[in-house]
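One structure is given below, encoded as structure tokens.
In this text, all values refer to a predicted model and were calculated from it rather than measured experimentally. Just so it is clear: chains get the letters A, B, ... in the order the sequence lines come, proteins before strands, and each one is counted from 1.
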2 protein chains.
Amino acid sequence: MAVEAPSQSNAPDTPDGQTPQSRIQQRNRRRILDASLEVFSTHGYRGATLDRIARAAGLSKPNLLYYFEGKEAIHRALLTDLLETWIAPLRDLDPEGEPCAELLGYVRRKLEMSRQYPRESRLFAGEILQGAPRMERFLREVLRPLVDDRAAVIRRWADQGRIAPVDPHHLIFSIWALTQHYADFEAQIRMIRGDGVDPLEGAEAHLEQHFRRLLAP
Amino acid sequence: MAVEAPSQSNAPDTPDGQTPQSRIQQRNRRRILDASLEVFSTHGYRGATLDRIARAAGLSKPNLLYYFEGKEAIHRALLTDLLETWIAPLRDLDPEGEPCAELLGYVRRKLEMSRQYPRESRLFAGEILQGAPRMERFLREVLRPLVDDRAAVIRRWADQGRIAPVDPHHLIFSIWALTQHYADFEAQIRMIRGDGVDPLEGAEAHLEQHFRRLLAP
DNA sequence: GTCTATACTCTGATAGAC
DNA sequence: GTCTATCAGAGTATAGAC
């Protein structure tokens, strides 16, 4: 739960900025994180075992624990890396831009993240699904203020008649739901549309038309 | 994987229609399934332990295993019960009805399920998230044909100009995404809007307006 | 830095008394 | 039908050689 003070840490799993690392250390750290992402996102926290992660990373189990203090530390590092980039698209929503273009751009960026980072999306979704016990602070203290701020921008746009009147928070939730669905529920989409079809086929055109109709003043 | 032949089963965990059960047996079975739903949906398959389920059900662990053959059997029973009702709203989409009203009714029923059965929704979502290993047959052999059939109906409506032109499959996915989001990502919504607010507050009005604009010919 | 061997805990499941 | 006691296996983590 509690975050350890960064002052005492010279352990290799907390390179908080300046900890020097050899090339091989960096490479192994990356391999571990990549393997962990694969395993955690498809099996959940408890379903992921160090054995599987080690095998996926091509390392021995004790060697894994040389780089990270333990399973939880790996997961924490994964989440920390993820959250940084996860909210970037919303940050990029420009209050000074043209409203419809900004929102459509946001949709496009979010959908692109589902295409590029489906494992990250599923890792995030799995955490939320379980009540977000390891992300509560982030959600309350980072995401919430950001959402409230952008919601205020959207509300202003609606009040000015530059987009259709809409509940800003629900609009943001809708964008999340519609775009992340293609990553999080990919297995279902695949089984329904057939394995030969790209799950994201036609999604961008659909969502663009979708939000264009929705937002037109 | 394989479903056991129903002929040989007189075990108490397979009351396939006619197995007689005392009132206490039925009550305990229900308690176990209810407790399991709670535990499986919030911790995932691997994160759920028989200990926790037993405690939640108010029974001892061995007693649990008197009613069900094992952890997997409990989970299977849970899914079987769930899937029956999960697709009912789509089944109820009437090809002979008024298109816009039918689709809005479908949205309303799905949203109502998120309100009434959030744990079931999360159980389902968790399975999909992990690649749907225990639902593949259902998705391919039951849900897919149903979706294809209803998609054909929607396509006809669009071709006749009774609703706006829209990709039927993506429309269905959109309805799933938007409605299930309120159950599956409830923790996130709660932390963003504050604990005092009902996560579903305003959702129905938002979605009704949303789809009305979207579908208007 | 990396490995083998191993300690220790948790968890699913069974035995057998009542 | 329900319980106490317990086993077998899996899983996290550590010791210590190299």
In whole angstroms, the gap separating P of D:dA13 from CD1 of A:Ile53 amounts to 10 Å
From OH of A:Tyr66 across to P of C:dG1 the rounded distance in Å is 5 Å
Rounded to whole Å, CD of A:Gln25 lies from C1' of C:dT2 at a distance of 13 Å
- Message: Quick check on C:dC3: is either OP1 or OP2 less than 4.0 Å from any side-chain nitrogen or oxygen of A:Asn63?
- Response: yes
A:His75 atom NE2 is separated from D:dT12 atom P, nearest whole Å, by 13 Å
From CG of B:Leu64 across to P of D:dC3 the rounded distance in Å is 11 Å
### Message
Can you confirm whether A:Arg193 sits close enough to A:Glu201 that some side-chain heavy atom of one is under 4.5 Å from a side-chain heavy atom of the other?
### Response
yes
B:Ile74 atom CD1 is separated from C:dT11 atom P, nearest whole Å, by 15 Å
To the nearest angstrom, the CD-C1' distance between B:Gln26 and D:dG1 comes to 16 Å
*Report the relative orientation of the aromatic rings in A:His170 and A:Phe173; use parallel for angles under 30°, tilted for 30 to 60°, perpendicular for over 60°.*
perpendicular
task = Assess B:Lys71 against B:Tyr45: is NZ or CZ under 6.0 Å from the centre of the six-membered ring, and within 45 degrees of the ring's axis?
result = yes
Nucleotide by nucleotide, nucleotides 12-18 of chain C touches protein heavy atoms under 4.0 Å in the pattern (B base, S sugar-phosphate only, - none) BBB----
Phosphate OP1/OP2 of D:dT2 contacted by B:Ser60 side-chain N/O (<4.0 Å): no
- Test ring pair (Phe, Tyr, Trp, His ring centres under 6.0 Å) applied to A:Tyr182 and A:His206, step by step: CA-CA 12 Å; A:Tyr182 287 96; A:His206 173 79; 7.9 Å; no
Assign the ring pair A:His181 / A:Phe185 to parallel, tilted or perpendicular, where the plane angle (0 to 90°) is split at 30° and 60°.
parallel
| query | Are A:Tyr67 and C:dT2 close enough that a side-chain N or O sits under 4.0 Å from OP1 or OP2? | reply | yes
B:Arg29 atom CZ is separated from D:dT2 atom P, nearest whole Å, by 14 Å
Checking B:Arg109, B:Lys110, B:Arg115 against B:Glu112 for salt bridge (Lys or Arg N to Asp or Glu O under 4.0 Å), the one that qualifies is B:Arg115
- Think A:Arg108 forms a cation-pi with A:Phe211, using NZ or CZ under 6.0 Å from the six-ring centre and within 45 degrees of its axis? no
